[in-house]
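Since the structure comes first, as C-alpha cells, the remarks are kept for the end.
By convention in this document, chain letters (A, B, ...) are assigned in the order of the sequence lines, proteins followed by strands, and residues within each chain are numbered from 1.
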Amino acid sequence: MKKNRNRGRQGKPLARPVRLKTAKLLDSRIKTIGQPPGSLIPIGRQQIERTQITLIAFDESQVVTRQFDDLDEYLSFKEKYRVVWVDICGLHDPLLIEQVGQVFGIDTLTLEDVLHTGQRAKVEDFEQYLYIVLQMLEYSQAEGGISREQLSIVIGKDYVVTFQEKPGDMFGYVRQRIANAGSKVRKLGADYLAYTLIDAVVDHYLTILEEVENTIDQLESALLENYSRETFESIYSLKRELIILRKSVWPLREAIGCVTRDDIQVIGDSVDPYYRDIYDHIILVIDTVEVFRDIVTGMQETYLASVNNRMNEVMKFLTMIATIFMPLSFIAGLYGMNFHYMPELGWRWGYYAVLGVMFLIFGGMVLFYRSRKWY
Amino acid sequence: MKKNRNRGRQGKPLARPVRLKTAKLLDSRIKTIGQPPGSLIPIGRQQIERTQITLIAFDESQVVTRQFDDLDEYLSFKEKYRVVWVDICGLHDPLLIEQVGQVFGIDTLTLEDVLHTGQRAKVEDFEQYLYIVLQMLEYSQAEGGISREQLSIVIGKDYVVTFQEKPGDMFGYVRQRIANAGSKVRKLGADYLAYTLIDAVVDHYLTILEEVENTIDQLESALLENYSRETFESIYSLKRELIILRKSVWPLREAIGCVTRDDIQVIGDSVDPYYRDIYDHIILVIDTVEVFRDIVTGMQETYLASVNNRMNEVMKFLTMIATIFMPLSFIAGLYGMNFHYMPELGWRWGYYAVLGVMFLIFGGMVLFYRSRKWY
Amino acid sequence: MKKNRNRGRQGKPLARPVRLKTAKLLDSRIKTIGQPPGSLIPIGRQQIERTQITLIAFDESQVVTRQFDDLDEYLSFKEKYRVVWVDICGLHDPLLIEQVGQVFGIDTLTLEDVLHTGQRAKVEDFEQYLYIVLQMLEYSQAEGGISREQLSIVIGKDYVVTFQEKPGDMFGYVRQRIANAGSKVRKLGADYLAYTLIDAVVDHYLTILEEVENTIDQLESALLENYSRETFESIYSLKRELIILRKSVWPLREAIGCVTRDDIQVIGDSVDPYYRDIYDHIILVIDTVEVFRDIVTGMQETYLASVNNRMNEVMKFLTMIATIFMPLSFIAGLYGMNFHYMPELGWRWGYYAVLGVMFLIFGGMVLFYRSRKWY
Amino acid sequence: MKKNRNRGRQGKPLARPVRLKTAKLLDSRIKTIGQPPGSLIPIGRQQIERTQITLIAFDESQVVTRQFDDLDEYLSFKEKYRVVWVDICGLHDPLLIEQVGQVFGIDTLTLEDVLHTGQRAKVEDFEQYLYIVLQMLEYSQAEGGISREQLSIVIGKDYVVTFQEKPGDMFGYVRQRIANAGSKVRKLGADYLAYTLIDAVVDHYLTILEEVENTIDQLESALLENYSRETFESIYSLKRELIILRKSVWPLREAIGCVTRDDIQVIGDSVDPYYRDIYDHIILVIDTVEVFRDIVTGMQETYLASVNNRMNEVMKFLTMIATIFMPLSFIAGLYGMNFHYMPELGWRWGYYAVLGVMFLIFGGMVLFYRSRKWY
Amino acid sequence: MKKNRNRGRQGKPLARPVRLKTAKLLDSRIKTIGQPPGSLIPIGRQQIERTQITLIAFDESQVVTRQFDDLDEYLSFKEKYRVVWVDICGLHDPLLIEQVGQVFGIDTLTLEDVLHTGQRAKVEDFEQYLYIVLQMLEYSQAEGGISREQLSIVIGKDYVVTFQEKPGDMFGYVRQRIANAGSKVRKLGADYLAYTLIDAVVDHYLTILEEVENTIDQLESALLENYSRETFESIYSLKRELIILRKSVWPLREAIGCVTRDDIQVIGDSVDPYYRDIYDHIILVIDTVEVFRDIVTGMQETYLASVNNRMNEVMKFLTMIATIFMPLSFIAGLYGMNFHYMPELGWRWGYYAVLGVMFLIFGGMVLFYRSRKWY
C-alpha cells in the first residue's frame with residue numbers, strides 16, 4: 001500500500017505534483033504598522049538584486065530602448081518622442097521610487113500603493129495621471145502553482161510608468177509590437193500602450209484557465225479509473241488556485257468598468273472600445289472561474305461518493321465471506337469437541353452428513369445474497 | 001460483482017452512456033497572445049474542410065438560394081431583393097472573413113469576436129449594424145453530451161450575416177418558412193429574420209432541457225431500485241451539462257434584454273414584441289435550469305444516503321452473524337481442548353448440556369437484536 | 001428486514017406514500033419548433049374531452065350562468081350586464097381559442113401564451129386588456145403530489161376571460177360569492193372579480209404549505225423514533241415539492257408587484273389595496289417556502305447523522321464482541337492442538353488455570369471499554 | 001447503552017430538553033378560504049377565555065388604568081387625557097374587534113390583518129393612523145422552545161391600540177414607566193409610547209439570542225467531551241429556532257426602516273431618532289442570527305467529524321485485534337487437525353516452536369501497525 | 001491511542017492550543033430591559049478598576065500629556081492647543097461618562113451607545129460632532145483567541161474623545177507620532193488624528209489575518225502528514241474567528257464608506273483621501289476573510305476525505321486478512337473434527353494435501369485482490 005502510494009502504480013501519474021501550499025495571499029504589513037500614511041516602505045519580499053529601469057521611447061517613425069539608472073535622462077527623451085514607457089522592475093528601493101515620483105509628479109499616496117504589494121486591483125484618477133494597480137498571475141510548473149506579482153501602471157498624457165516586483169517576460173510581445181514600425185501601438189498614444197499592457201496581463205488569466213481546464217480533464221479521467229488520496233489533494237489545490245484567481249479578477253472587473261464608463265482625461269475616446277474589449281475578457285474569466293468552481297465541487301462530491309462506494313464493496317465482500325464461514329467453522333468446531341458421549345461421532349455417515357449440511361448452509365447463504373441483490 | 005457492473009443486471013440500463021467528459025469550455029487563446037487587437041486569428045478547431053457560403057435573398061414575391069465562393073455576386077442580389085441572408089459556415093479562413101467584413105462594412109473588432117469562438121453571449125450596437133453573438137447548444141447522443149458552437153449574427157438594415165463554425169440543421173425550419181410564400185418572415189425585414197434565427201437557437205435550449213428532464217426521471221427511478229456507481233456518474237455528468245447550459249444562457253438574457261429595452265436603429269419597433277418573447281423563453285430556461293440543479297443536488301444526496309443505508313444494512317447483518325457465532329465457536333473450541341482433566345468431557349449429558357447452552361445464547365442474542373430494533 | 005420495510009412496523013406509518021416522481025416541470029415544446037410566432041398550437045396534454053365554456057354575467061341586481069358552445073351569444077350578454085366572466089376549460093382546440101381571441105380582441109401572441117402551458121407567471125398590459133398568467137397548484141393525495149395547471153386571465157374593462165387546462169373546483173367559492181346578492185364582487189367591476197380569482201389561487205398555495213408543514217411534523221417525529229429509507233425518500237420528495245412551489249410563486253411576486261405599482265388602465269385605483277393584499281400573501285408564501293427549505297435541509301442532515309450514529313453503535317457492538325472472543329478462541333484453539341509434548345495438558349489444574357486466564361482477559365477487555373467510554 | 005442514553009452519564013446533562021418540534025409556523029387559513037376580503041374571521045388558536053380590554057390614559061400630570069368591557073367609556077377618556085393606550089388581549093371575538101374598529105376608525109382590511117395571525121411584520125400608513133404588525137417571540141423553558149404571538153399596533157394622533165393573542169408580561173416595564181410621573185413617556189405623545197412598546201418586543205429578541213448563545217456555549221463543551229445523539233438533536237433544534245427568529249426579524253427591518261425614512265404623519269420628527277435606535281437593534285439581531293447560524297453549522301460539521309473519528313478509532317481497534325488473532329488461531333487450528341501422519345506433532349520441541357512462530361507473527365503485526373502509524 | 005492524543009507524537013505540535021470557545025458575541029442587555037432610552041447603564045464586564053482619563057493636547061509647536069480625574073481642567077487646554085485628544089479607558093462609571101457628555105456637548109443617545117458595548121460599527125453625524133463606533137480586535141495567544149473591545153470615537157472641530165473598555169497598547173504608535181514634532185499629525189487637525197486612530201484599529205485586523213494565514217499554513221501541512229481530531233478542532237476555531245472578524249468588519253465598511261461619500265462638517269476635504277485609504281484596507285480585509293473562509297471550508301472537506309480514506313484503508317486490510325484466514329481456519333477446523341470415519345485423516349499424504357489446498361486458496365485470494373486493485 002505504501003508502495004502504491006509512492007509509485008502511483010494504480011493509475012496514470014498526474015501531471016502536476018501534489019502540493020497544498022501556494023503563494024501567500026497577504027504580504028506582511030507588520031513593517032508599516034505605526035507609520036504615517038505616505039511612508040514609502042516596501043513590504044514585499046525583495047526578488048531582484050538591483051532595480052532595473054528600462055525606457056522605451058517611440059513615435060511613428062522611431063523607437064529607442066535604453067536601460068539606465070539615472071532618471072534625469074528621461075527628460076531628454078520626453079521631448080523627442082511622442083510616447084515614453086518607463087518600466088521599473090524591483091520595489092525594494094524606496095528612495096528610487098520616490099525619485100520616480102518626483103520626476104513624473106506622482107502623489108505620495110500612489111507611491112505608497114505601489115510599494116504595498118498585495119493590493120486589490122483598483123483604478124484611481126488623479127487628473128494629471130491615471131493609476132491602475134492589478135495582479136499579474138503566472139502559472140509556473142517549477143514553483144508548483146500560481147505566482148502572484150503586483151503591477152502598477154501610471155498613465156500620463158505622453159508617458160506610461162510601470163512598476164513590477166521582478167522582471168518577467170509577460171510584456172515581451174508588447175515590446176515586439178513596439179519594435180514593429182507599422183503596428184497600431186506606434187501610431188496611437190500612451191493610453192493605447194497601457195491597454196496593450198493590461199491586455200497582456202488579462203490574457204495570462206485565460207492561459208491559466210486553460211491550464212486549469214487541462215488539469216480538470218486529467219482529474220476527471222483519474223476519478224473514473226482510480227481515486228487515490230493524491231487525486232483529492234489535486235482537487236483541493238485546484239480549488240485553491242481558483243479562489244486566488246477569483247480574488248485577483250473580481251476587483252479588476254469593477255476597476256476596468258470604471259475606465260470604460262467614466263470620462264477619464266488621459267484615456268482618449270478612440271481607445272475606449274479597446275478597454276471595453278478587456279472588460280469582456282475579464283467577465284469571461286470570472287464566468288469561467290465560477291463554472292470551474294462548480295465543476296471542481298462536483299468532482300469532490302464524486303470522489304467522496306467513489307470512496308464510499310469502494311468501502312461499500314469491500315464491506316459487502318467481507319460480510320459475505322464472514323457470514324458464510326462463521327457458521328461453517330462453528331459446526332466444524334462443534335464436532336471437534338472432545339466429549340466422550342457424542343453419538344454423531346460414531347455414525348458411519350456422520351462425516352458426510354455434516355459435509356452435506358455445510359454445503360446446504362453455503363448454498364443457502366449464496367441464495368440469500370442473490371435475493372438481496374447484495375452481490 | 002465485476003460481471004454485474006458490466007452487464008448492468010441489477011437495474012434497467014440507463015439511456016445515456018456514462019461519460020464524465022464534455023466539450024471544452026474554453027477555446028485555446030494561446031495563438032492570439034501577443035497579437036494586436038483586430039488581428040483575425042481563428043482559435044476554434046477547424047470543423048469543416050471548406051467554408052460554405054449560402055445566400056438566401058427574398059422579398060414578398062420571390063426567393064432565391066445560392067451557394068457560392070465569391071462575395072462580389074452579393075451586390076447584385078442586394079439591389080434586387082428586400083432581405084438578403086448570407087450564412088457562412090466555417091471560421092478557419094481569416095482572409096474570407098476579412099473580405100466579408102469589407103463587403104458588409106463590419107468593424108475589425110467585430111470580426112475578431114466572430115473568430116474568437118467561446119465568447120460570452122453579447123449584443124453590440126454599431127448603429128450601421130447590430131452584432132449578436134450567442135452559443136448554439138445541441139444535445140447529441142452520438143457525441144455523448146452537449147456540443148457547443150458559436151453563432152455570430154450581424155443584422156443590417158436589409159441583410160443578415162450569420163457565422164457558424166460548422167454546418168448544421170438548426171435553421172432548417174427557418175429556411176422552410178422563407179420558402180413558404182405566405183409566411184410572416186417574407187413580409188417583414190431583416191430584424192424579423194434575425195429574430196427567427198435566435199428563436200430557433202433558444203428553442204433548442206428548451207429541447208435540451210426536455211432531454212435533461214427525461215434523464216432526471218430515469219435517474220430517479222434508478223435511485224429507487226438500484227444505485228450503482230454509474231448512477232452517480234450520470235448524475236455528475238447531468239450536473240455538468242446544466243452548468244454549461246447555464247453559462248451559455250445567463251449572459252444571453254442580459255443581451256436580449258438590451259435589445260428589447262434600448263432603442264436600436266436596425267430593430268424596428270414592430271419587431272420588439274418578438275424579441276420580448278425570446279426574452280421570456282430565456283428566463284424560462286434559466287428558471288428551469290436552476291430548478292433542475294436543485295433537483296440534481298437532491299438526487300446526489302439521496303444517492304449518498306442510499307449508499308449509507310445499504311452499508312448500514314450490510315454491517316448490521318455482519319454484526320448479527322458474527323456476534324452470534326463467535327461466542328458459540330468459542331464454547332465449541334473450549335471443549336475441543338485436550339486437557340487430560342476436564343471433568344465435563346466425561347459427563348453423560350455434557351454434550352447435550354453444551355448444545356442447550358449454545359441454544360440459549362443464540363436465543364438471547366436474537367432477543368437482544370429484536371429489542372434494539374436492529375433487525 | 002424486508003418485512004419491516006413493507007409493514008412499516010418500526011414507526012407509525014407515514015401519511016403520504018413514498019414517491020420520487022412528480023408532475024413534469026416542462027410541457028414539451030417539440031411540436032412548436034419551427035413554427036412562426038403566433039401559431040396557435042396547444043402543447044399541454046389534453047385533459048378534457050370537450051372544451052367547456054361557462055359564462056357568468058352579473059350586475060348588482062341580477063346574475064345569469066350559462067354553458068354554451070357558441071361565443072356569439074356573448075355579445076348579447078355584454079350589453080345587458082356590467083361584468084361578464086367567460087371561463088374556458090380545455091386548451092386543446094386552437095380554433096376555438098382563436099375565435100375567443102377575435103370576439104374579445106385578444107392579441108395572437110397572448111393566445112399563443114395561453115396555449116403554451118408551463119409559462120412563468122407574468123403580467124402583460126395591452127391597454128385594452130391586462131393579461132395575467134399564473135400556475136394553479138393543487139395538492140392531491142390521489143395523484144400523490146402537487147399537480148400544476150396554467151391559468152390565464154384576460155381582464156378587460158367589463159369582462160374577464162379565464163383559460164384553464166381542465167375543470168376544477170378552485171373557483172367554487174367565487175361562484176358562490178357572485179351568487180350572493182349582497183356581496184362586494186357584485187358591486188364592483190371586472191378588476192375586482194379578477195382579484196378574487198387570483199386570491200383563490202394564492203390561497204391554495206397557503207393550503208399546500210399547511211399540508212407541507214403537517215408532513216414536516218410527521219417526518220420530524222419519524223426522525224426521532226425510526227429512520228428508515230422511506231423517511232429519507234419522503235424528505236426528498238418534500239424538498240422537490242418545495243422547489244416546484246417556489247418556482248411557481250417567485251415570478252408571480254414580480255408580476256403582482258407590477259400590478260400594484262404601475263398605473264394599469266383596466267385596474268381601478270380602488271381595487272389596488274386588494275392586489276396589495278395578494279402581494280402580501282405571496283411574500284408570506286415565499287418566506288415560508290424558504291423557511292421550510294431550511295428546515296427540510298436540517299432534517300436531511302439529522303437523518304444522515306442518525307444513520308451514522310446507528311452504524312457507529314453497531315460497529316462498536318461488533319468490535320466489542322469480536323475483540324473479546326477472538327483472543328479467548330485463540331487460547332482455546334491453542335490447547336486444542338494435538339502436539340504430543342504439551343506439558344500444560346497433563347497438569348492437574350491446567351483446565352481451570354486456562355479458564356481463569358480467559359476470565360481475566362474478559363474482565364480486562366470490559367474494563368478497557370469502560371475506560372474508553374465506548375460502551 | 002440504553003442506560004447511558006437515559007441517564008446521560010457520559011457528559012454533563014444539557015440544560016434544555018431535547019425536542020424537535022416547535023410552534024407551528026403557519027396558522028391555518030382553511031377557515032378563510034372563499035371568504036371575501038375584509039371578513040373578520042380569527043384564525044389563531046383561542047388562547048384566553050374572555051377578551052381583556054385594558055385602558056391606560058395619561059398626560060404629564062395624571063394616569064388612570066381601567067379594565068372594562070364596553071368601549072363607549074373610551075370616549076370620555078379620550079377628551080380628558082393626552083394619550084390613551086387601549087390594550088386588547090384575545091383575538092377570538094370578531095364582533096368586539098369590529099366594534100374597536102368603529103370606535104377608532106380602523107379600516108376593515110387592517111382589522112382582517114389583526115385577526116389573521118401569523119403575518120409577516122409590516123407597516124401600513126393609513127394617514128389617520130399607522131398600522132404596525134410584528135411577532136412577539138418569547139423563549140419559554142416550560143414549553144420547550146420559542147413561542148410566537150402576533151402583536152398589532154394601531155398608532156393614532158392621541159391613542160395607541162394594541163392587539164395581543166394572549167396576556168403576557170412583556171409590557172410590564174412600559175406600564176411601570178408610565179406610572180412613573182417624571183418619565184419621558186409621560187411627557188411625549190402616542191408615537192413615543194408606541195416606540196417603547198416595539199422596543200420592548202425587540203429587546204426580547206436580544207434576550208432570546210443571549211439564551212441561544214448560552215446554549216451554543218454548552219453545546220460546544222459537550223462537543224469536546226462527548227457527542228451523543230442528544231447533542232445533535234439539540235443542535236438541530238437550535239438551528240430551527242434561529243430559522244424562526246430570522247423569519248420574524250427580517251421583514252421587521254424593512255418595516256421599521258420605512259418608519260424612519262418615510263414622512264409619516266402620526267410619527268413626530270422628534271421621535272424619529274428613537275425609531276432609528278430600534279432599527280439599529282434589529283440590524284444587530286439579524287447580524288447575530290446570521291453569525292449564530294454559521295456557528296451552529298460549524299458545530300454540526302464538528303459533530304459529524306467526531307462521529308467519523310470515533311468510528312475510525314473503533315474500526316482500527318477491531319482491525320488490529322482481528323488481524324493479529326486470525327492468523328494465530330489459524331495456526332492453532334492447523335495443529336488441531338487429526339491427521340494420522342503429521343510429523344510436527346511428534347517433534348520434541350514442536351509445541352514450543354509453534355509458540356515461537358506465533359510470537360513472531362504477533363510482534364510483526366505490532367511493528368506493522370506502528371510503521372503505518374495506525375496506532 | 002490515548003497516549004498519542006496527549007503527546008501529539010504523530011505530527012508536529014500545533015502552535016495554537018485547541019479551544020472551541022472564544023469571546024462572547026453579545027454583551028448581556030438584561031440590565032437595560034425596561035429602561036427608557038438614554039439611560040446610561042454600562043452592560044460590558046468591568047475590566048479595569050478605575051476609569052483612566054488621559055489628555056493629549058498639541059499643536060504644531062508643543063505637546064502636553066496629562067492623566068487626571070477632573071474634566072474641568074480640560075477647558076484650560078482647549079483654548080491653548082489646536083487639538084485635544086481625551087482618551088477614556090473604562091466604561092463602568094456612568095456618572096463620569098455623563099460628565100464627559102456635558103463637557104463636550106455629547107447627546108445622551110450617543111453616550112448610551114458608548115456604554116452599550118457590542119454595537120455594530122456605525123457612523124452618526126450630529127453636525128457638532130461625528131460619532132464613530134467600531135470593534136477593536138486583538139489576537140492574544142494567552143487568552144487563546146480573538147478578544148473584542150468596543151472603541152467609540154467622538155470627533156469635534158478641535159477635539160477627539162475616545163472611549164475604550166480597558167487600556168491597551170493599540171494607540172502607542174499614534175502617541176509616538178504625536179510626540180514627533182515634525183509629523184503630519186501635529187500639523188493637521190482633529191479629523192486627521194481620528195483617522196490615525198481608526199487606521200491603527202484597521203491595521204490590527206490585517207495583523208490578525210496574517211496570524212490566521214500562518215495558522216492556515218500550519219494546518220495545511222498537518223492535513224498532509226497527520227489528521228488528528230485536534231486538527232479538525234483547530235479548523236473549527238479558525239472558522240469561528242473568521243466569522244467574528246467578518247461580523248466586525250462588514251458594518252465598518254458601510255460606515256467608513258459614508259464618511260468618504262457624505263459631506264461631513266467635522267471632516268475636512270483634505271483628509272478625505274486618508275479615509276478612502278482606510279476604506280480600501282477594509283475592503284481588502286473583507287476580501288481576504290472571504291478567501292480564507294473558502295480555504296478553511298476546503299480544509300474541512302480535505303480532512304473528512306482523509307478520515308474516510310484512512311477508514312477505507314483500514315477496512316481493506318481487515319477484509320483482506322479476514323477473507324484469507326476464515327476459509328483456511330474453516331478447513332483446519334474441518335479436519336479437527338473427531339468423527340470416527342473420516343477417510344482423509346488416514347491418508348498418507350492427507351496433511352500435505354490439505355496444506356497444498358490452503359496454499360492454493362491463499363494464492364487465489366491474493367490474485368483476486370490484485371485483480372480488483374484493492375491492494
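Contacts of B/Thr196 with chain C are absent, with no heavy-atom separation under 4.5 Å from either backbone or side chain. If you measure heavy-atom distances from C/Leu355 to chain B, the contacts under 4.5 Å come from the side chain alone. With a 4.5 angstrom heavy-atom cutoff, C/Leu304 touches chain B only via side-chain atoms. Heavy-atom distances place the side chain of C/Asn308, and not its backbone, under 4.5 Å from chain B. Contact annotation for C/Trp349: neither backbone nor side-chain heavy atoms come within less than 4.5 Å of a heavy atom of chain B. With a 4.5 Å cut-off on non-hydrogen atoms, B/Phe171 does not touch chain C at all. Contacts of B/Ala200 with chain C are absent, with no heavy-atom separation under 4.5 Å from either backbone or side chain. For a residue to count as touching a neighbouring chain, one of its non-hydrogen atoms must lie under 4.5 Å from one of that chain's; by this rule B/Met170 does not touch chain C. Neither the backbone nor the side chain of B/Phe325 comes within less than 4.5 Å of any heavy atom in chain C.
A 4.5 Å side-chain heavy-atom check between B/His340 and C/Tyr351 finds every atom pair outside the cut-off.
Highest contact tally toward chain C, considering only B/Asp280, B/Asp199, B/Ile216, is held by B/Asp280 [criterion: heavy-atom pairs under 4.5 Å]. Comparing C/Glu344, C/Met326, C/Met311, C/Met342 by heavy-atom pairs within less than 4.5 Å of chain B, the highest count is held by C/Met311. The residue among B/Pro343, B/Ser329, B/Gly172 with the most heavy atom pairs within less than 4.5 Å of chain C is B/Pro343.
Among all heavy-atom pairs drawn from C/Gly346 and B/Tyr341, the shortest one is O-CE1, 3.3 Å. Nearest approach of C/Ala332 to B/Leu334, heavy atoms of both residues: CB-N, 3.8 Å.
Using a 4.0 Å cut-off between charged side-chain N and carboxylate O, B/Asp294 and C/Lys247 make no salt bridge. Salt bridge status for C/Arg120 with B/Asp287: present, with a side-chain N to carboxylate O gap under 4.0 Å. A salt bridge is defined here as a Lys NZ or Arg NE, NH1 or NH2 lying under 4.0 Å from an Asp or Glu carboxylate O, and C/Arg246 with B/Glu290 fails to meet this definition. In summary, C/Glu124 and B/Arg276 do not engage in a salt bridge, as defined by a charged side-chain N under 4.0 Å from a carboxylate O.
Annotation: C/Tyr352, atom OH; neighbour count of heavy atoms from other residues, nucleotides and ligands within 6.0 Å is above 12.
Taking the six-membered ring for Trp and thresholds of 30 and 60 degrees, C/Phe317 and B/Tyr369 have ring planes more than 60 degrees apart, a perpendicular arrangement.
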